[in-house]
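Written below as structure tokens is the structure these notes are about.
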Amino acid sequence: MATAAVASRVAVSAPVFGSDRGVGSSGIKGNNNVSFNNKSCVGGTLAWESKAMRPRHTNKVLCMSVQQSSKSKVSVTPLDLESAKEPPLNTYKQKEPYTATILSVERLVGPKAPGETCHIVIDHGGNVPYWEGQSFGVIPPGENPKKPGAPHNVRLYSIASTRYGDNFDGRTGSLCVRRAVYYDPVTGKEDPSKNGVCSNFLCNAKPGDKIQLTGPSGKIMLLPEEDPNATHIMIATGTGVAPFRGYLRRMFMEDVPNYRFGGLAWLFLGVANSDSLLYDEEFTSYLKQYPDNFRYDKALSREQKNKSGGKMYVQDKIEEYSDEIFKLLDSGAHIYFCGLKGMMPGIQDTLKRVAEQRGESWEQKLSQLKKNKQWHVEVY
């Protein structure tokens with residue numbers, strides 16, 4: 001499959017989980033503690049929680065722009081992207097953003113998925129370099145309704161590609177975006193005035209459209225590469241899988257001379273149903289090619305049951321493998337969490353319960369994981 005497949009695909013409108021992470025100018029400066037606030041969650045019902053929501057497009061585009069069918073890894077350029085000792089941070093700020101170009105917008109989910117999610121490829125011409133696990137800021141067009149005459153605030157989105165982008169040439173970056181649509185809880189009708197401004201702009205974008213980028217930002221989710229044989233446990237809900245897609249492409253798809261991954265990458269992905277799975281073709285391909293180095297567990301809340309007969313969420317999958325996970329953490333494994341902030345209380349409760357069953361203090365264990373820099377969380 002040609003590496004330019006992404007750019008040549010037909011563009012369609014589509015969406016993102018935790019879309020429109022509203023971040024003011026102060027949020028951009030706090031690289032280690034970026035706060036993501038989903039303003040479209042205030043009151044009423046979000047589209048993906050409402051029975052009234054119906055996907056606007058029913059054709060799922062398989063995001064196979066990556067030569068998954070090839071058993072050999074893909075060459076990447078320019079290799080000088082490996083030479084930086086520190087990650088690039090805030091190269092472009094809100095007052096002076098970079099004008100990039102949309103290359104493609106692809107629908108990632110099937111017709112039975114609640115809501116729409118898109119894969120969006122952005123051409124930055126190699127002028128906005130970033131590292132895996134960082135975020136781009138996007139300034140949607142138009143006027144800020146709270147500040148007449150001023151532009152919208154920056155929205156942060158985790159980057160869903162490696163530093164070499166989907167075309168492996170260092171000129172693009174990708175976002176995984178869920179369209180935030182608001183339905184009035186009384187009438188059940190969509191209220192466009194309260195829809196997510198940035199997620200709808202991105203999902204409606206067409207190839208050639210211009211986009212204002214800031215960043216890159218963030219250090220919390222950077223992939224530690226000091227030990228290429230380390231274990232990485234990745235836990236995501238919905239579009240929280242974005243940074244992990246970047247990690248996995250770097251580990252298993254790209255031929256990066258100075259990073260030969262030989263450890264274990266274990267991905268837990270929680271979504272509503274099979275039609276909601278994101279990048280499933282890529283991940284399944286890694287599973288077939290690297291069975292000793294990759295594990296992939298899915299929690300489908302509307303299709304699977306947990307051991308108590310309730311809906312299966314990521315914390316239930318974590319509990320299912322808790323003994324193994326705790327042993328890996330004790331051996332130095334890194335653990336990452338990315339997705340809506342509502343995912344963390346259930347996960348924390350599960351980990352605490354498991355620790356207590358093992359005769360351990362979860363508070364002490366968590367403190368040690370943070371001290372050892374094994375604990376990485378980015379929720380919004």
Side-chain angles (χ1 to χ4, degrees), residues 16-18 62-64 66 68 108-109 117 119 132-133 158-162 174 176 178 220-225 228-254 259 261-301 303-304 306 312-329 331-340 343-344 346-347 350-351 374-379:
V16 3
F17 216 134
L62 301 182
C63 197
M64 295 286 284
V66 289
Q68 285 94 318
L108 285 177
V109 296
T117 303
H119 181 73
E132 298 74 23
S158 297
I159 300 171
S161 53
T162 74
S174 300
C176 181
R178 177 162 176 157
I220 296 172
M221 297 294 285
L222 293 177
L223 179 65
E225 297 187 357
N229 297 316
T231 294
H232 303 272
I233 303 168
M234 299 162 278
I235 298 161
T237 57
T239 59
V241 78
F244 306 142
R245 179 189 184 246
Y247 296 176
L248 295 170
R249 287 170 71 93
R250 186 163 174 84
M251 293 171 177
F252 300 126
M253 182 180 296
E254 297 179 343
Y259 184 59
F261 182 68
L264 172 65
W266 192 353
L267 174 64
F268 291 86
L269 176 57
V271 294
N273 55 28
S274 298
D275 267 21
S276 303
L277 287 168
L278 306 173
Y279 309 111
D280 189 54
E281 297 82 11
E282 289 187 28
F283 303 151
T284 301
S285 173
Y286 304 146
L287 199 59
K288 292 177 180 177
Q289 293 183 48
Y290 302 96
D292 296 330
N293 303 98
F294 183 52
R295 295 175 66 171
Y296 179 29
D297 283 278
K298 312 167 193 176
L300 308 178
S301 61
E303 295 179 5
Q304 299 173 331
N306 60 26
M312 176 70 79
Y313 294 109
V314 283
Q315 60 261 36
D316 300 308
K317 280 291 180 184
I318 292 170
E319 186 171 14
E320 186 178 328
Y321 294 100
S322 57
D323 282 344
E324 194 172 357
I325 290 172
F326 270 63
K327 288 176 182 176
L328 290 170
L329 291 174
S331 298
H334 290 270
I335 190 165
Y336 311 80
F337 305 87
C338 190
L340 292 176
M343 73 185 277
M344 289 308 295
I347 290 173
T350 296
L351 292 171
Q374 294 172 250
W375 182 265
H376 313 265
V377 178
E378 184 172 86
V379 292

Taking all atoms of both residues into account, what is the closest heavy-atom pair of [X] and [Y], and its distance?
{"X": "E254", "Y": "T162", "answer": "OE2-OG1, 2.6 Å"}
{"X": "L287", "Y": "R295", "answer": "CD1-CA, 4.1 Å"}
{"X": "S174", "Y": "S161", "answer": "N-OG, 3.0 Å"}
{"X": "A160", "Y": "R245", "answer": "O-NH1, 2.7 Å"}
{"X": "M221", "Y": "C338", "answer": "CE-CB, 4.0 Å"}
{"X": "A333", "Y": "I233", "answer": "CB-CD1, 4.2 Å"}

Practice item. Might you work through the side chain to side chain contact (heavy atoms under 4.5 Å, CB included) test for D297 and E320, ending with a clear yes or no? Key: CA-CA 11 Å; D297 283 278; E320 186 178 328; 5.7 Å; no
Are the side chains of [X] and [Y] in touch, meaning some heavy atoms are under 4.5 Å apart?
{"X": "Y290", "Y": "F261", "value": "no"}
{"X": "L300", "Y": "V271", "value": "yes"}
{"X": "I235", "Y": "M343", "value": "yes"}
{"X": "Y286", "Y": "N293", "value": "no"}

If you measure from [atom1] on [X] to [atom2] on [Y], what distance do you get to the nearest 0.5 Å?
{"X": "H334", "Y": "L223", "atom1": "NE2", "atom2": "CG", "answer": "8.5 Å"}
{"X": "I335", "Y": "L328", "atom1": "CD1", "atom2": "CG", "answer": "9.5 Å"}
{"X": "N273", "Y": "S301", "atom1": "CG", "atom2": "OG", "answer": "7.5 Å"}
{"X": "M251", "Y": "F294", "atom1": "CE", "atom2": "CZ", "answer": "9.5 Å"}
{"X": "I325", "Y": "E319", "atom1": "CD1", "atom2": "CD", "answer": "10.5 Å"}
{"X": "L277", "Y": "T284", "atom1": "CG", "atom2": "OG1", "answer": "8.5 Å"}

Review point. For R250, which residues count as a salt bridge (charged side-chain N to carboxylate O under 4.0 Å, His left out) partner, sequence neighbours excluded?
Key: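 So R250 forms a salt bridge (charged side-chain N to carboxylate O under 4.0 Å, His left out) with E82, E132, E225.
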Point to revise | Flag, side chain of T350 to backbone of G346, donor-acceptor distance under 3.5 Å | key: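 Flag set: sc T350 to bb G346 pair under 3.5 Å.
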Practice item. Indicate yes or no for a side-chain donor-acceptor contact from E303 to the backbone of S274 under 3.5 Å, with no hydrogens or angles considered. Key: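 Yes, because the side chain of E303 sits within donor-acceptor range (under 3.5 Å) of the backbone of S274.
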Check your understanding: Hey, are Y296 and D280 close enough side-chain-wise for a donor-acceptor pair under 3.5 Å?
Key ->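 Side chains of D280 and Y296: pair found under 3.5 Å.
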Exercise for review: Could you walk me through whether D316 and Q304 pass the side chain to side chain contact (heavy atoms under 4.5 Å, CB included) test, one step at a time?
Suggested key: CA-CA 11 Å; D316 300 308; Q304 299 173 331; over 6 Å; no
Point to revise | is_close_aromatic(H232, F244), centroid dist under 6.0 Å | key: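 No, the ring of H232 stays outside the 6.0 Å limit from the ring of F244, centre to centre.
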**Study point:** Six-ring centre of Y279, R249 cation under 6.0 angstrom, axis tolerance 45°
**Key:**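 Relative to the ring axis of Y279, which defines the angle, R249 lies outside at least one limit.
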**Study point:** Candidate pair S331 and T231, rule side chain to side chain contact (heavy atoms under 4.5 Å, CB included), full reasoning
**Key:** CA-CA 9 Å; S331 298; T231 294; over 6 Å; no
Practice item. Take L278 and F283 through the test side chain to side chain contact (heavy atoms under 4.5 Å, CB included) and record every step on the way to the result. Key: CA-CA 9 Å; L278 306 173; F283 303 151; 5.8 Å; no
